There are 2 protein chains.
Amino acid sequence: MNLKQLSHMLALSQTTVSRALNGYPEVNEETRRRVIDAAKRHGYRPNPSARRLATGKTGMIGYVLPTGAAVEIDPHFVEFLSGLGDYARSHELDLVLSPADADDQETTYRRIVANRQVDAVYISSPRPVDRRVALLNTLGIPFIVHGRSEGFGFDYPFTDIDNEGAFHEAARLLIQLGHRRLALINGDDRETFAIHRERGMRRALTASGLTLGERHICSVTMTEENGYRAARRLLEQSEPPTAIACSSLIMALGVVRAVRDLGLTIPGDLSLIAHDDVFPWLKPENFSVPLSTTRSSIRLAGARVAERLAARISGLEEGARGEVWPVDLVVRGSVAGAP
Amino acid sequence: MNLKQLSHMLALSQTTVSRALNGYPEVNEETRRRVIDAAKRHGYRPNPSARRLATGKTGMIGYVLPTGAAVEIDPHFVEFLSGLGDYARSHELDLVLSPADADDQETTYRRIVANRQVDAVYISSPRPVDRRVALLNTLGIPFIVHGRSEGFGFDYPFTDIDNEGAFHEAARLLIQLGHRRLALINGDDRETFAIHRERGMRRALTASGLTLGERHICSVTMTEENGYRAARRLLEQSEPPTAIACSSLIMALGVVRAVRDLGLTIPGDLSLIAHDDVFPWLKPENFSVPLSTTRSSIRLAGARVAERLAARISGLEEGARGEVWPVDLVVRGSVAGAP
DNA sequence: CAAAAAGACCAAAGCGCTTTGGAAGACTCT
DNA sequence: AGAGTCTTCCAAAGCGCTTTGGTCTTTTTG
């Protein structure tokens, strides 16, 4: 059942039927009702390929997925996706993942824009002065950055959480508890979120006349194993930290294991706070010692990004507004006064 | 730069240029070279929307993503996706995720097929007599099932691992080590993989005159917390198991925590084997006691599924061949003789 | 050497939709 | 009553590609 057939049945032109269905004003309400009714009754669905060709609109949002044998998509992605999907579903949007060589994503971005394959895209895990942001800005496709980039001469729309504030608060809490030697086990410090967290922590320390020494900071990809290694490295120093802030729950697993291996205890010998993106399958309150966290649902962020993308596509949102969400500090048993 | 312009420059018809580019035989090799050369020089890329409309081919593979507030996409998905992306990239295939109400995926499947939105789809986490399989079989779109369904009157193409064999081997090992009371912490037993694992374990036990009692089997969604709860329930019985097989590493985390909470040790009081899908961020050898596993890379499976989908799209693969991959049994410190 | 076959190319008809540029009729206004 | 304005609808022109059904040469064949 296509438009031609439908308009034939109704003894109307394709024009009128198309307009009736798409809510154009220049069609009699009575006629519109008839058309809509007939369309529903015959199960007419406009062919998206044809519509795309005619309008350029695709009803899809894009994401360039870095791939390669050495590339690991981290599990945060899937939670983010859950949220994105929640929203996208209610708005009949699909998501297209375009796999790209991790070292050459630009080609893929150019392709999907040139080919009009999607109406908008989002970017995740941005770095400072991220080339993707500059590129999309140039290409002129609607986009949202999940996270933040820095150091451009222009503004761009993003949704981020207050990583700096979160780790500032975390550090401040630890300092108030009497800790003087804090350490940070961070994610990849080429990414903005990691830089912000470090900055927040530094700010809190500086305010109290303390510092975050080179020996007290690790920056690694966020795996359990790296958390373990980092913790061992930190704790086996001559002047080990008495508190650690950690950028992910998965790394925190490794930290806890290291602490145990070294015959130490939490929070007796070490206070621990980690950032929690809220995974359904791993909860901080279920750690052997309930884990204090800075918490922000990455799933909600996914839904929000989808919402903004939809708004930009339909022209409801314009401009380069960035939004920063506050982060909860949730105190549980893993922090205590300095030993 | 579109076909019209390009053919104009070359003083050829659109027909010939199109054919030259698409490898049709009825064009002079010399001409073809000229065309291909000019196309490359001018960066001509056929507009996919137009091509879609004309051919119905989209160059995309589809996946219906169940969503909803209560739905958790599990982290296996992202690893699978990595593999899929690896392969898809090298073949210029994109993946479109169509979010659907978890309770009504059928509508979405019908939509993407009716609209010709993708060339092929895959299904994951199938259940016995999975309606999706029957549906796709009816709709006649190429598809591959990752996992297996059962109890149809027809065959269908799938790629699965030997879950039954894996857990059979695991149980056999434990029995050989003298264990008599085995338990199983399984995934959702409405899914085929879980049924197969249970079946494998039962088969091994039966062969040795043992049984898997109702009290020694748990079936839960695979979270750390559920692993913990299940383990406590099992171990606090009057006749607790001396060995547990567990369907995921994430649940195994919970099991280990429970064992510790109860003041027991692995493998002294309890032997533990878990299934490992090979996550880069959580490795069995890094458990406090290195974990024995049944191992199969879900990422490789993703690549394989993509490969088969591509083959089916291009007509290289036909028929309903199912393939079952063997699973490695990797013995590490977490298993020992029965206490 | 005429007839048949093969080779190389093209014009035009789709694919199914949106949108432009009217046109016909009904209505208002002086 | 004639001019101007809405309202409502339509024919036809795209969108950019593939594919059908040729035509015109050139080569092969009996």
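Below, read A as the first sequence line, B as the second, and so on, with proteins coming before strands; counting in each chain starts at 1. The structure displayed is predicted, hence computed values, not measured ones.
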Worksheet item: Do B/His76 and B/Phe80 make the cut of ring centroids closer than 6.0 angstrom?
Response: no
Worksheet item: Quick one: are the ring centres of A/Phe143 and A/Tyr122 less than 6.0 Å apart?
Response: no
Worksheet, complete the sentence: Here the salt bridge (charged side-chain N to carboxylate O under 4.0 Å, His left out) pairs for residues 70-89 of chain B, sequence neighbours left out, are B/Asp86-B/Arg299
Worksheet entry | B/Thr55 vs B/Ser13, nearer the 5' end of DNA chain C by closest nucleotide | B/Ser13
Fill in: Flag for A/Thr15-A/Ser18: side-chain donor and acceptor within less than 3.5 Å
no
Practice prompt. State whether the number of non-hydrogen atoms from other residues, nucleotides or ligands found under 6.0 Å of B/His8 atom NE2 is greater than 12.
Written response: no
Discussion item. Please find the pair of heavy atoms, one from A/Arg52 and one from A/Arg116, that lie closest to each other, and give the distance.
Written reply: NH2-O, 3.6 Å
Discussion item. Output the rounded distance in Å from CG (A/Leu10) to C1' (D/dT8).
Written reply: 15 Å
Practice prompt. Please state how far atom CG in A/Asn28 lies from atom C1' in D/dC6, giving the value in whole angstrom units.
Written response: 13 Å
Find every protein N or O atom lying less than 3.5 Å from an N or O atom of nucleotides 20-27 of chain D, and list the pairs.
none

Discussion item. Applying a 4.0 Å non-hydrogen cut-off, can you work out what A/Ala11 is touching in the nucleic acid: base, sugar-phosphate, or nothing?
Written reply: sugar-phosphate
Fill in: Any donor-acceptor N or O pair under 3.5 Å, side chains A/Gln14, A/Ser7
no
Worksheet item: Side chains of A/Ser98 and A/Tyr109: do they bring a donor and an acceptor to under 3.5 Å?
Response: no
Worksheet item: Taking 5' to 3' order, which nucleotide of DNA chain C is first and which is last to have an atom within less than 4.0 Å of a heavy atom in chain B?
Response: C/dA8 to C/dG16
Worksheet item: Which is true for A/Thr31 with a 4.0 Å heavy-atom rule: it touches a base, it touches only sugar-phosphate, or it touches nothing?
Response: sugar-phosphate
